Every structure is written in C-alpha cells, then in structure tokens.
Amino acid sequence: MSPLHVCLALSAALFCTGLVAVLVRGNAILVLLGVELMLNAANLNFIAFWRFGPGGGEVGLVFVLFSIAVAAAEAAVGMALVIAVHRHLRTIRVAAANRLKG
Amino acid sequence: MILAAAPASPADAWLERAPVLLRDALTGWLPDALRPWVAALLSIATILGVFGLLFAYMTLAERKILGRIQNRPGPNRTGPFGLLQPFADAIKALTKEDIVPRAADQVLHFLAPVVLVALSLIGLAVIPFGRNLVAVEMEASVLYFFAAGAATELAIFMAGWASRNKYSLLAAMRALAQLISYEVPLLLSVVPVIVVAGSLSTTDIVAAQGGWAAGLWPHWHALTPWGFSAFAVFMVAALAESNRSPFDLPEAESELIAGHLTEYSGFKYALFFMAEYLGMAALSAMAVTLFLGGWQAPLAVLEFIPSYAWFGVKLLLLLLGFIWIRATFPRLRIDQLTRLSWKFLVPLALVNLINGGVWAATADWTGAAAVVRWFISALGVVVPFIFLARSLSAGYGPRTYRYASP
Amino acid sequence: MTLLLAVLALVCLVPAVAAVLVRNLIHSALLFVLAWLGLAVFYLAVGAEFIAFAHALVYVGGVSMVVLFAVLLTRPGRVDPLPPPSTQRAIGGVAAVALVASMLGSSIFWTRLPSMEPIPMVSLRRLGELLAGPYLVALLLVGLILTVALIGGLLLAAPRRPSEGGDA
Amino acid sequence: MMLPDPASTGLARVRKIEGSALGLRTPAFAPEEGAGDLLEVSLGPHHPSTHGVFRMDVVLDGERIVRLKPVFGYLHRNHEKLGEGTSYLGSMPYTDRLDYLNSMTNNWAYAIAVEKLAGIAVTERAEYIRVILAELSRLLNHTCLAGFLMQDCGCSGTPLMYAFREREKILDLFESLSGSRMMCNFQRFGGCRVDPSAEWLAATRKLVDGYGAFLDEFEALLSGNEIVMARTQGVGRLPAALAVNAGVTGPMLRASGVGHDLRKVDGYGVYPRFNFRVPIGREGDVYDRYMVRMLEMRESISILDQALRGLPGGPILDPKSKQRGLRPKAGEAYGRIEGPKGEIGFFLVSDGTGNPTRYRVRAPSFVNLTILEDLCLGHSVADAVIILGSIDIVLGEVDR
C-alpha cells in the first residue's frame with residue numbers, strides 16, 4: 001500500500017458513509033451532512049492525485065478550494081431550506097416534503 | 001555589568017538573544033536527533049508557563065482594577081496586596097465538589113471545558129512573541145490561527161447544550177448566533193493586512209511593519225487610516241469572540257444566571273475561566289501582531305529594550321483595555337448584537353478591504369503623493385463610518401422632558 | 001508516511017461512521033465536526049497546508065454552526081424522532097456494503113497508477129498567483145455564488161413577519 | 001428540544017392567549033398558530049435580577065416572551081393580620097419592613113392614617129422634618145434604582161457601586177438621627193421621635209449641596225450612553241390609558257405622561273409651601289421611567305434645599321398627642337403619601353379598641369407589578385429583566 005492507496009481508500013469509505021447517511025436517514029439535516037461528506041471525499045481524491053498522482057500541476061488544489069467554497073454555500077442554503085420546510089410542515093423528514101405546493 | 005560597546009544591531013544584543021541562548025544551553029548537550037523535539041517541548045512548556053501565569057494574574061488584575069474603578073479595594077487579604085489570591089482561588093477550585101446534573105449529557109458536559117481550553121491554547125503557537133521567538137513557523141499561520149479559534153464557541157455550545165438547563169440552552173443558542181455573526185467581521189478585518197503585507201505568515205507581517213517614517217512614525221498598520229479602521233473592527237469582533245462585556249451574552253449574569261456556566265462547578269468552572277482569559281490573550285496577541293507592529297519598538301532609540309518586552313507591553317495594554325471596557329459598558333441585546341455585526345462591522349470591513357487594496361496598490365507613492373494617499377485612505381474610513389453609524393443609531397437619542405402644569 | 005496516513009484515516013473515518021449511526025442529532029452533528037477536523041489533519045499530513053486550514057475554517061467554524069443552528073431551530077428532540085423504515089434501512093445497508101466493497105476494492109487492488117514520489121509542495125504565493133491569474137473568473141464566480149447563497153439563505157430562513165430583526 | 005411534547009404538558013394551551021385581566025392587552029403579540037416550539041422557563045425565585053424572592057413563569061418562543069406570569073408570595077409575613085393584633089404604635093416598626101429601602105415614607109403614610117383616625121395635629125417643625133426625610137428617602141430610592149437598573153442592563157457593578165456610595169451617605173444620616181440605617185421607626189403620631197441636631201442638619205446640608213454633582217456625573221456616564229439608550233428606549237412601553245386603568249402610580253405613571261403627583265394633588269404636609277415641578281415622560285418606556293426618576297431627584301434636591309432653609313423651631317411632637325394606649329373612636333381613615341415608588345396608603349378601621357379591626361396597606365410595588373405581563377409580551381428575556389427593574393419593586397412590600 002502506498003499513501004495514494006490510503007487516500008483513495010479513505011475517500012471511498014467517506015463517500016460510502018455519506019451515501020448511507022443520505023439513503024438511510026430520513027432526516028433532512030443528516031441528508032445534507034451526508035452530501036457534505038461525499039463532497040469531502042471528492043476533495044480528498046483531488047488532493048491525493050495532486051500530491052501522489054501522475055502530476056497534473058496545481059489544478060487539483062485550486063479545484064478543492066472552489067469546492068470548499070461551494071460546499072459552504074450549499075450548507076447555508078440547505079439549512080435555510082430545512083428551516084423553511086420545518087416552519088411550513090412541522091417536520092424535517094425528507095419524505096414529507098414531496099409536494100411542490102405547501 | 002557594563003557592556004564594552006553597544007552591539008552593532010539590536011538583534012545581536014545579549015538580552016535580545018537571551019531566550020534563544022537559554023534554549024541552546026539547555027538542549028546543546030543532546031544528540032542531534034533529539035534536539036528539535038526537546039526544543040519544541042521547551043517552547044510549549046514556556047508558552048504554557050507564561051500564559052498560565054498571565055491567566056492567574058489577569059484574574060487578579062481584573063478584580064483589582066474593577067475594584068479601583070468601583071471605589072473598593074479588590075482582593076487584598078491573601079499575601080501582600082492580595083498577590084497570592086490566584087493560587088488560593090486555584091486551590092479552592094480544585095478542592096470543590098464537581099457537580100454534574102443527572103440529566104446532563106455526561107460526555108459532552110465533561111468534554112466542553114477541556115475542548116475549550118485546548119482550542120484557546122493552540123492558536124498561541126504561531127504568535128511571534130519576539131524576534132525569532134515563534135513556536136511554529138508556517139506559511140499560512142494567520143489562517144491557522146483563525147481555523148484554530150473558530151471552534152471555541154462550538155465548545156460553549158457544547159457546554160450549554162450538554163447541561164440540560166434552560167438557561168444554558170438559551171446561552172448555547174446565543175453563542176451560536178454570536179459566532180456566526182462575529183467570525184465574519186473578524187476575518188474580514190484581517191484581509192487588508194494580508195493584502196498589504198503580501199503574506200499569510202505572522203513573521204512576515206511583523207517584519208512588514210518594521211521601520212519608521214521620518215524616523216518617528218512607526219510603520220504599524222494601526223497607524224494608517226485603513227489599518228486603524230481594521231484594528232477597531234478586529235478589537236470589537238475580538239471582544240465578541242471572547243464573550244467579554246458588553247458582548248457577554250452567553251454568560252449574561254443578570255439574564256441567564258451564568259448561561260452555559262450555570263451547571264458547572266469546581267475545576268471545570270475554573271477551566272472555562274482559563275479558556276476565557278487565554279482566548280482573550282490569544283486574540284490580543286494576534287491584534288498586536290497584525291496591527292501594532294508585533295515585537296517592534298515604537299521608536300528607534302528604544303530598540304535596546306528586548307523585543308519580547310515590547311510585545312508583552314502591547315499585549316498587556318490591550319488586555320487592560322478589555323478590563324476597562326468590562327467595567328464601563330452595559331450589555332447589548334442579542335438582536336442589537338447581530339445588527340451591530342451585519343449592519344455596521346461587516347460593511348465597514350468590506351469597504352476597508354477596498355481601502356487596503358488601494359493602499360497596497362499605491363505603495364510606491366512618495367512625497368506629496370504619500371499625503372494624498374493618506375488623505376484618500378482616511379476618507380475611505382471616515383465617510384462610511386459616518387453613514388453606517390448614523391443608520392445604526394437611528395431611532396435612539398437623548399430626549400427632552402416636559403413638566404406637568406401645576 | 002503510509003502508516004501515519006492510515007492512522008489519520010481511521011481518526012477521520014470512525015467519527016464519520018459513528019455520526020451516521022447515532023440517533024442523537026446533536027451528537028451526530030458534533031461527530032461530523034470531529035470527522036472534518038480529522039480530515040483537516042489528514043490534509044495537513046498530506047501536505048496541503050492551506051487547504052487544511054481553509055477546510056477547518058469553513059467546516060468547523062462555519063458549516064457546523066449553521067448545522068447546529070438548524071438542529072436547534074427545528075427542535076427535533078433529544079433523539080431523532082424519525083427512525084427510518086426498516087425496508088429503507090435494509091436497502092441502505094445492502095447498498096452501503098456493496099459500495100464499500102466495490103469502491104475499496106477498485107481503489108486499492110486495481111489502481112494501476114504508478115505510485116510516484118510526492119510532487120514538491122506548492123507555495124502559497126504560487127497558489128495566490130494561480131487564483132488571481134488563470135482562475136480569476138472562477139474565483140469571482142465563486143464569490144458571486146457565495147453572495148447569492150447567503151442572501152438566498154437569509155430570505156429562505158427569514159420569518160415572514162418583517163418586523164423582527166434577523167438573528168440567524 | 002428541551003421541552004417534552006407541548007401537547008402532553010398542557011403547554012399547547014399557551015399558544016392561545018386569553019385576554020389579560022384588564023382587557024387591555026394588545027393582541028398583536030399573540031403568537032401565530034403553529035409558531036415555533038415553546039420553552040417554559042421559571043425566572044426566579046432565585047435569580048440575580050428579580051430583586052428578591054420573586055418568580056416570573058415565562059413562556060418563550062426563541063427568546064421572545066409569549067406569556068409571563070408573575071408569581072409572588074415567597075416573602076409573605078402576614079403583615080396586615082399582624083397589624084390587626086397590635087396596638088397602633090406597635091405597628092409603626094412593622095411598616096419599616098414593607099419597603100425596606102424607604103422606612104421613612106412608610107412611617108409617614110401610616111402616621112397620617114392614624115392622625116386622621118384619631119384627629120391628631122402635627123407640629124410645624126415635625127412637618128418640615130418629615131419632608132426632609134421623605135425627600136432624602138426619595139433620593140436614596142431613586143439612586144439605588146438607577147444603579148440596579150444599570151446592573152440589570154448588564155453593567156458589571158460600576159454604576160451600582162457609585163449609587164451605593166451615595167446611598168451609604170444617606171443611610172449614615174438616617175442612622176445618626178434614628179439609630180438605625182434602614183429600619184428607622186422614626187415617625188410618631190403628631191410628629192417625630194428625635195429632634196435633629198444642628199450638626200445633623202449641617203451634614204444634611206452638605207449632602208444636599210453635593211448631590212447635584214453626583215447626579216451630573218452619573219448622568220454624564222449613563223443617560224447619554226449609546227448602549228443604555230438602545231437597550232431602554234422603546235422597551236416596555238406603558239400607554240397612559242393602561243397605566244391609569246391598572247392603578248399604576250408614582251414615577252411609572254408619570255413616565256407614561258400623566259402628571260399625577262400626590263404632593264401636588266393632596267398637598268399633604270407642608271408641600272404646598274415648596275416650589276417644585278413634576279417631570280413627565282412621553283413614551284412611557286424604560287428610558288422614560290429612568291429619566292423621570294433622575295429628574296425627580298433634581299426636584300427633591302430643590303425641595304430639600306428649601307426645607308432646610310425654612311426649617312422652623314418649636315417642638316417636634318404635639319404635646320397633646322398620645323402615643324401609647326391610643327384608642328381612636330370608631331371610624332375609618334385612609335392616609336396616603338407620594339412614596340418614592342408611588343402612592344403608599346394605609347387604610348385603618350377602628351372599633352374603639354386599642355388595635356385596628358382592619359389594617360390594609362396599599363403597596364405601590366404590588367399594584368405597579370400587576371401590569372408586568374402587558375409590558376413584557378413580545379420582548380426578549382433580556383428586556384423582561386430591565387422592565388422588571390424599571391418598575392421598581394421591593395418584595396417586602398409586594399408580598400407583605
């Protein structure tokens with residue numbers, strides 16, 4: 001095993017954990033956190049290949065920066081949505097919010 | 001001892017190099033492989049010792065100064081002038097019973113004070129306390145500092161939530177709102193410094209503030225218009241970040257008893273106090289580094305005083321300011337607190353960002369142009385300040401009173 | 001190096017898995033914070049210093065607060081009142097196992113990439129030049145997205161009564 | 001989250017607020033159907049800002065108060081029943097314990113009631129001394145209140161300590177005159193107990209002359225302070241109509257713009273001889289209540305100045321008056337004065353025996369406290385604390 005393999009394995013495991021959170025937990029907040037975790041896994045891959053990969057310059061690094069920024073935006077909007085949905089439907093179960101009209 | 005001749009450069013003075021010499025003397029006999037590790041341990045021990053003692057005597061100084069301001073003597077019974085009071089307090093805190101509510105979240109209730117102290121401490125690693133006196137040198141040390149400090153209110157939230165006390169829960173909510181609001185201006189106020197100094201490293205930023213204009217006016221950032229504005233925003237946000245009066249809403253003695261501290265006693269309570277003072281000291285040290293020239297002397301003739309002494313003096317002055325403010329101001333309400341941040345500090349810091357950028361872009365202006373540069377920068381501070389302050393205090397003001405007709 | 005990274009990977013993975021499994025939402029959110037902190041340390045060990053600090057600042061200082069705020073505002077109770085239906089749980093479990101197996105397998109055993117020497121570190125200055133040079137448009141776009149997201153979040157979460165000052 | 005399901009605890013009922021007892025509550029603050037979950041907090045009986053053992057059962061939506069129930073009685077001491085079993089003079093020291101900051105004015109109101117009941121005249125010198133002590137008491141009360149209010153606003157002790165420094169001076173005067181700092185037991189039927197010496201009068205003169213400077217300092221530090229104004233202006237508005245209907249008296253009523261002052265209305269004692277004004281507020285908020293008290297202190301200083309200058313000689317007790325074994329003929333009397341907190345009155349019914357058959361106290365703190373919920377609704381916890389502070393209560397008087 002090389003450092004690259006460790007990174008990739010961790011990334012894969014994190015991605016799966018996130019996916020399980022999204023699929024299994026019906027709670028909107030946990031679903032959002034699962035998505036964040038999947039994004040982190042992707043970031044980790046970028047960094048792994050930047051550092052230990054065949055050498056693609058610094059693009060990976062820059063991409064991760066943008067990814068973090070977008071993830072922050074996603075979290076802010078997502079949580080605002082959760083609060084809005086909760087105020088409207090009195091629940092944060094994802095399955096309950098399946099109508100376009102409240 | 002009389003020195004035969006003044007050293008060529010202040011950096012070579014014996015006192016200046018004393019800490020480094022001492023470290024070398026202590027580690028010199030060790031094998032090469034061990035030396036950096038022992039040196040690192042030594043610097044950690046020094047920081048812990050110095051700031052631990054600073055914490056102890058800050059509590060005493062705070063009580064003494066508050067006492068003086070309020071026409072009373074303050075603690076004066078333990079030791080001469082009450083100088084042993086901090087140790088008496090420590091013994092008392094250590095021997096007190098540690099009470100944990102049965103309904104509390106046991107793990108989080110225990111972890112909160114520990115996490116808080118740890119987070120308040122690790123930021124100190126990147127502060128240059130003097131010439132060549134920085135524990136960890138890294139490229140992005142300013143970023144590291146704020147990343148380390150970002151989670152302190154998280155620990156306060158943990159304490160408040162884990163206590164399962166309604167006052168504590170309200171405190172936890174307030175702590176979160178306060179953090180979300182004040183992290184932004186705190187970071188924004190630092191950005192122009194980074195732009196002007198062109199570096200994220202604390203050592204470089206201090207070095208950029210060296211020297212004097214006309215031999216008298218230090219090149220400290222706080223002594224430029226944009227820098228002063230950033231310094232003010234930073235200090236206000238730092239007050240809020242360290243939960244000090246007038247922003248001590250999570251604690252709010254007159255409203256929430258002690259907020260997140262309500263269910264803490266004994267040593268854990270002391271840890272919270274320690275974290276508060278350490279956090280205050282860390283943020284003040286950062287302010288000194290970013291705005292007040294770090295360890296630089298204010299005048300060239302005063303350079304014979306070692307750099308770490310200058311750093312200490314500046315740090316103590318800022319801490320004194322914290323105490324003075326606490327003795328003077330009433331507390332804000334939570335909506336006023338968030339409004340102050342979003343409607344005043346954040347816009348001010350954003351405008352200041354441009355101001356700092358212009359300053360950096362005009363770095364080569366000299367002579368009369370330098371005066372123009374100063375004037376532009378000052379305008380960029382005063383005009384937004386007036387507009388924002390007017391909108392902030394709209395609706396409030398002194399009133400005139402009538403008298404009932406007989 | 002590999003050993004260190006493996007240990008750090010565990011430090012980061014264990015809280016993440018625990019976070020998905022525990023029922024207490026606040027614990028879950030705090031465990032996520034721990035996982036993010038672990039990831040930041042992992043980045044640091046890999047050599048991406050700037051990314052590590054930015055990650056810690058954004059996730060531990062920003063996202064975690066928003067999440068905790070959402071948890072408190074929606075007051076779901078001490079324990080998640082929404083246990084997933086058993087069928088969903090079973091499907092999720094099977095999917096998880098399958099995914100873990102396939103992804104771990106593919107990443108570790110079939111990675112044919114040559115394991116090279118780590119490339120030299122990128123200096124912060126170089127990163128800054130990249131951001132201000134070739135990626136300037138992207139940087140500005142990200143700034144725009146963040147601003148729009150912030151305003152959108154405020155509008156979404158703001159109470160419909162316009163009288164109360166925003167406190168979130 | 002801290003709350004069990006609202007429906008199971010009966011808190012669900014809270015969402016629909018019934019009209020207040022006075023029927024004047026504005027419905028604007030009734031929470032909308034299905035607003036956020038509510039949190040019930042019991043502020044007190046041991047809380048730093050309840051000014052004694054007093055409890056507010058508060059229901060919060062976030063930090064907004066949607067319901068508030070004042071709960072008192074923790075300090076109930078059977079005061080009125082005791083008064084019915086005690087001789088007329090025997091009740092005098094008990095009145096000290098009502099509003100324990102202002103025993104002088106409590107004594108005076110009680111003395112007036114008994115004097116009316118038994119038809120006792122008061123000597124002129126005693127009337128002047130009573131005015132002097134009542135106005136000193138007003139200074140003491142308002143100074144303390146300003147200090148406490150600032151403490152409730154979150155000052156860490158400094159204004160309170162400044163206020164207490166001045167309070168000590170007045171208490172020292174009381175002590176050297178009556179022998180006790182707070183429980184003075186000073187007034188007697190037809191006059192007062194001790195004749196103030198020339199030294200005492202000189203000391204009082206000195207205090208009165210220096211008090212304006214203290215007020216200037218205090219006001220310079222606080223009245224124009226940005227945070228103080230932001231915290232207190234517009235908070236806890238009391239409309240004049242509600243104030244009048246609820247029977248609110250004293251500085252609270254005047255802050256709402258009603259110029260009702262018993263010193264002018266009744267003109268009891270020798271007050272008509274003095275020249276003073278009655279400051280009134282416009283908004284009726286916490287800031288107005290604070291400022292009206294500050295302005296009242298200036299008027300008190302002016303009254304004190306006039307009274308000290310015009311103090312006549314003569315006896316301090318009517319020689320025909322009787323203290324012990326007083327048996328007024330059957331009848332009833334109500335004596336009231338403008339106490340520092342509002343109208344303090346004593347209602348006495350005599351059946352010709354040595355004790356009153358009915359002894360009733362009209363305590364300003366108690367009456368003023370009844371509108372607490374109306375003032376607090378829609379404000380935050382932090383506001384409730386300073387609204388309570390601005391009402392100026394003393395639990396000894398509320399609970400009796």
Side-chain angles (χ1 to χ4, degrees), chain B residues 62 66-72 103 160-161 163-170 172-174 177 244-249 251-258 323-337 339-340 389 392-406, chain D residues 1-2 39-43 46-49 60 62-63 150-162 164-165 221-231 233-235 254 257-261 264 277-283 287-288 291-292 295 380-386 389:
Chain B
E62 170 140 39
L66 271 182
R68 286 314 305 156
I69 290 176
Q70 298 172 359
N71 304 313
R72 53 193 179 84
W161 187 81
S163 296
R164 298 275 289 159
N165 175 311
K166 287 169 185 174
Y167 296 120
S168 305
L169 180 76
L170 285 173
M173 291 286 277
R174 286 179 172 190
R244 294 280 302 184
S245 174
F247 304 109
D248 54 344
L249 279 109
E251 210 176 313
E253 197 248 351
S254 64
E255 298 152 25
L256 303 182
I257 319 295
I323 295 174
W324 195 350
I325 286 171
R326 173 168 174 203
T328 317
F329 284 112
R331 185 185 305 118
L332 287 169
R333 209 169 50 208
I334 187 77
D335 59 317
Q336 293 164 347
L337 180 95
R339 194 183 316 137
L340 176 70
L392 189 71
S393 58
Y396 306 121
R399 294 177 183 167
T400 50
Y401 284 84
R402 298 170 294 153
Y403 291 89
S405 43
Chain D
M1 64 173 5
M2 304 310 297
L39 181 72
E40 191 182 12
V41 183
S42 196
L43 291 173
H46 294 287
H47 185 284
S49 299
L60 298 174
E63 285 219 17
M150 290 305 142
Q151 188 77 354
D152 291 341
C153 282
C155 285
S156 34
T158 311
L160 185 65
M161 286 294 166
Y162 276 55
F164 264 51
R165 183 186 65 198
L221 284 173
L222 293 163
S223 298
N225 183 302
E226 195 87 8
I227 301 179
V228 170
M229 289 196 292
R231 280 299 302 278
Q233 293 191 351
V235 170
R254 293 193 283 276
V258 183
H260 178 85
D261 188 325
K264 293 278 190 196
R277 299 174 296 174
V278 178
I280 52 176
R282 200 171 264 132
E283 306 279 332
Y287 187 76
D288 270 0
M291 279 308 287
V292 159
L295 293 170
S380 71
V381 187
D383 290 333
V385 162
I386 61 169

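Worth saying up front: this structure is predicted, and the values here are computed from it rather than measured. We name chains A, B, ... by the order of the sequence lines, and we start the count at 1 in each one.
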Interface residue of largest heavy-atom contact number with chain B, from [options], under 4.5 Å:
options	result
L222(D), V385(D), I280(D), V278(D)	I280(D)
G224(D), C153(D), A230(D)	A230(D)
Q151(D), R231(D), E283(D)	R231(D)

Distance-minimising heavy-atom pair for [X] and [Y]:
X	Y	result
S156(D)	R326(B)	OG-O, 2.6 Å
I227(D)	P246(B)	CD1-CB, 4.2 Å
G397(B)	M229(D)	C-SD, 3.3 Å

Minimum side-chain heavy-atom gap [X]-[Y] below 4.5 Å:
X	Y	value
F164(D)	R72(B)	no
V235(D)	R333(B)	yes
S380(D)	I334(B)	no

D288(D): which residues meet the side chain to side chain donor-acceptor pair (under 3.5 Å) condition with it, sequence neighbours left out? R399(B), Y401(B)
If the condition is side chain to side chain donor-acceptor pair (under 3.5 Å), which residues does Q336(B) pass it with, not counting sequence neighbours? none
Considering only heavy atoms, which portion of [X] lies under 4.5 Å from any heavy atom of chain B: side chain, backbone, both, or neither?
X	result
R165(D)	side chain
L295(D)	side chain
T158(D)	both
L43(D)	both
S42(D)	backbone

Could you grab the distance from atom [atom1] of [X] to atom [atom2] of [Y], nearest 0.5 Å is fine?
X	Y	atom1	atom2	answer
I69(B)	M161(D)	CD1	CE	12.5 Å
R282(D)	T400(B)	CZ	OG1	6.0 Å
L392(B)	E226(D)	CG	CD	7.5 Å

